[in-house]
Chemist: 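Please find one structure pasted underneath; my questions will follow.
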Amino acid sequence: MSFPLLTATAALPALGAVATAAVPAAKRTAAKWLALVVSLATLALAITVLVRFDPGGDRYQLTESHAWIADFGVRYELGVDGIAVALLALTALLIPFIILAGWHDADPLETGSRRWRPTQGFFALILAVEAMVVISFEATDVFLFYIFFEAMLIPMYFLIGGFGDRAHEHGEEAASTQRSYAAVKFLLYNLVGGLIMLAAVIGLYVVAGNFSLQEIVQARANGSLHMATSTERWLFLGFFFAFAVKAPLWPLHTWLPNAMQESTAPVAVLITAVVDKVGTFAMLRFCLQLFPEASKWATPVILVLALISIVYGALLAVGQRDIKRLVAYASISHFGFIVMGIFAMTSQGQSGATLYMVNHGISTAALMLVVGFLISRRGSRLIADYGGVQKVAPVLAGTFLIGGLATLSLPGLAPFVSEFLVLVGTFTRYPVIGVIATFGIVLAALYTLVLYQRTMTGPVKPAVSAMPDLRARELLVVAPLIVLLIFLGVYPKPVTDIVNPAVKQTMSDVHKTDPKPEVEAAK
């Protein structure tokens, strides 16, 4: 029996979470180092998965399958395709940086405070989220996926509500109220989506008789399983609704700005760069593969919703006074591009969407973590409280600029390639949607450059005149992300080589081929 590599990749951070939580209260530093070591070991396992994965091999590799709840057809089934491998590697890569960036975020508050911040719990919850996200990318049993898709809400709720941002203009009492509101809103939105999905999961079992993704897809392909058109559409809507909440797609997005605003910067990165990717990933893995005809039926409406997300998110980002809310609305716009690429039903669009998931994770992590370092120095999230930072902290300002330029998809940085592929893939089939979506690029340049101008340039405000530049630990967090943004912007082939075969197989599942270019015949 071969070594269960996929199980180990998910089990290691889960066990690490338990071990970190069990560290004695007086050993906070030991808990931090334990969490960091576990995250690095998980990264090593993820790299092993990446190395062992053969893009030209079987669709699902490193598979594991064991009986679990036999009476209901539930199995413990794991397997990864190219899309899952890319997102698994992204998750494992970002967690060590998240832990390093949040090294002091859960330290005890000042003497006399009524709130105690259990450091061990903070890092244990991060590892728990990692474990659940990893197994969500690996699960090929629908019921198994659903369990961890929902279970990750629990540690995220405590991370948002219990370890919020200390920078609040109205004091600790108001901050605590706002954190609680953001955490409850996050939980309720995602629970409603999960409950609707549960009904669809049960309906899928009634129709198919099991929860195995591979068996259901194969049965549909060979004609041994037939779904009535109305049944398939209702089941698709149940799955898609839950994934659209997680993504987040307009109009189900409103929980994200609150959650990111009230979270610490590392937790905000965990939300938008890691957890939210499960939603868009699941659209590719489950919606398109299980319900191909319903996916095509719903495509026009979903593309309109994605287009609204792109423009609406960018417009609201332009008008934000809070730096974190600006990044949150920018992410809503970017997720609109990802969803648009998925449902453009072209190989360029879906390859671009998958690449966008990876690149958005890296670029958002780089920008938001630098924003967190900036806020921790000034103690304010308001853009108006900054000015002239580049004169007193040039390295911080420089990394902020690169993260911002990546957010607006500047050529030469990683998000440009993915956004270009999404737009090309959309334009070839839906030219009007593709043209309107480019307006989001213009708005992205506006909100990014205005943010940089107002915070980093101009006269040095007295409150930032003594602001220190990035420290060694902070440079260790940001520098590798900047290098990755530049490397993947110049040479995205390592990622596209992995994801393209999986995209072609997904296109085959929905019986779609790329439209032929309309070239006027030479006379």
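Computed over heavy atoms, backbone and side chain alike; hydrogens, waters and symmetry mates excluded.
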Chemist: Could you pull out all residues at least two apart from Thr364 that satisfy side-chain hydrogen bond (donor to acceptor under 3.5 Å, both in side chains)?
Modeler: His360
Chemist: List the atom pairs, donor and acceptor, that lie under 3.5 Å between side-chain atoms in residues 186-194 and the rest of the protein, sequence neighbours left out.
Modeler:
| residue | atom | partner | partner atom | Å |
| --- | --- | --- | --- | --- |
| Tyr189 | OH | Thr254 | OG1 | 2.6 |
| Asn190 | ND2 | Phe186 | O | 2.8 |

Chemist: Examine the side chains of Thr91 and Glu130 and answer whether a donor and an acceptor come within less than 3.5 Å of each other.
Modeler: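 Note: Thr91 and Glu130 side chains miss the donor-acceptor criterion.
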Chemist: Have Tyr329 and Gln320 got a donor and an acceptor in their side chains that come within less than 3.5 Å?
Modeler: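 No donor-acceptor contact under 3.5 Å links the two side chains.
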Chemist: With no hydrogens and no angle check, do the side chains of Gln261 and Asp322 hold a donor and an acceptor under 3.5 Å apart?
Modeler: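 Yes.
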Chemist: Tell me, please, which residues at least two apart from Glu150 pass side-chain hydrogen bond (donor to acceptor under 3.5 Å, both in side chains).
Modeler: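 So Glu150 forms no side-chain hydrogen bond (donor to acceptor under 3.5 Å, both in side chains) with any residue.
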Chemist: Got a sec, which residues hit side-chain hydrogen bond (donor to acceptor under 3.5 Å, both in side chains) with Lys391, two or more places apart in sequence or on another chain?
Modeler: none
Chemist: Show, in sequence, the C-alpha distance, side-chain angles and deciding distance for Leu127 and Leu12, and conclude whether the side chain to side chain contact (heavy atoms under 4.5 Å, CB included) test is met.
Modeler: CA-CA 9 Å; Leu127 291 177; Leu12 181 59; over 6 Å; no
Chemist: Could you tell me if the ring centre of Phe335 sits under 6.0 Å from that of His253?
Modeler: no
Chemist: Quick one: side-chain contact (heavy atoms from CB on, under 4.5 Å) partners of Thr48, sequence neighbours excluded?
Modeler: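 Testing Thr48 for side-chain contact (heavy atoms from CB on, under 4.5 Å), a comparison that skips the adjacent residues, returns Leu5, Arg52.
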Chemist: Yes or no on side chain to side chain contact (heavy atoms under 4.5 Å, CB included) for Val275 and Val133, after CA distance, side-chain angles and deciding distance?
Modeler: CA-CA 7 Å; Val275 172; Val133 170; 4.2 Å; yes
Chemist: Please check this pair: side chain of Arg321 against backbone of Leu326, looking for a donor-acceptor N/O pair closer than 3.5 Å.
Modeler: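 Not at all, since once roles are kept as given, no pair shorter than 3.5 Å links the two residues.
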Chemist: State the CE-CD1 distance between Met152 and Ile147, to the nearest 0.5 angstrom.
Modeler: 12.0 Å
Chemist: Measuring from Ile160:CD1 to Asn258:CG, what's the distance to the nearest 0.5 Å?
Modeler: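 Rounded to the nearest 0.5 Å, the CD1-CG separation comes to 10.0 Å.
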Chemist: Looking at Thr399 and Ile482, what are the two nearest heavy atoms and their distance?
Modeler: O-CD1, 4.2 Å
Chemist: Checking side-chain polar atoms at under 3.5 Å, does Glu262 have a donor or acceptor matched by the opposite partner on Tyr181?
Modeler: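 No pair is found: no donor N or O on one side chain lies under 3.5 Å from an acceptor on the other.
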Chemist: Would you say the side chains of Tyr356 and Thr280 form a donor-acceptor pair under 3.5 Å?
Modeler: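 No, because no side-chain N or O of Tyr356 sits under 3.5 Å from a partner of the opposite role on Thr280.
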Chemist: Between Phe243 and Phe286, what is the ring plane arrangement, given parallel below 30°, perpendicular above 60°, and tilted in between?
Modeler: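 Taking Phe286 first and then Phe243, their aromatic rings sit tilted (interplane angle of 30° to 60°).
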Chemist: Rounded at 0.5 Å granularity, tell me how far CD1 in Ile69 sits from CZ in Phe143.
Modeler: 5.5 Å
Chemist: Could you state the interatomic distance from CD1 (Ile362) to CG (Leu485), rounded to the nearest 0.5 Å?
Modeler: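 The CD1 atom of Ile362 sits 6.0 Å away from the CG atom of Leu485.
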Chemist: Tell me, which pairs form a salt bridge (charged side-chain N to carboxylate O under 4.0 Å, His left out) where one or both residues lie in residues 460-472, sequence neighbours left out?
Modeler: Arg471-Glu474
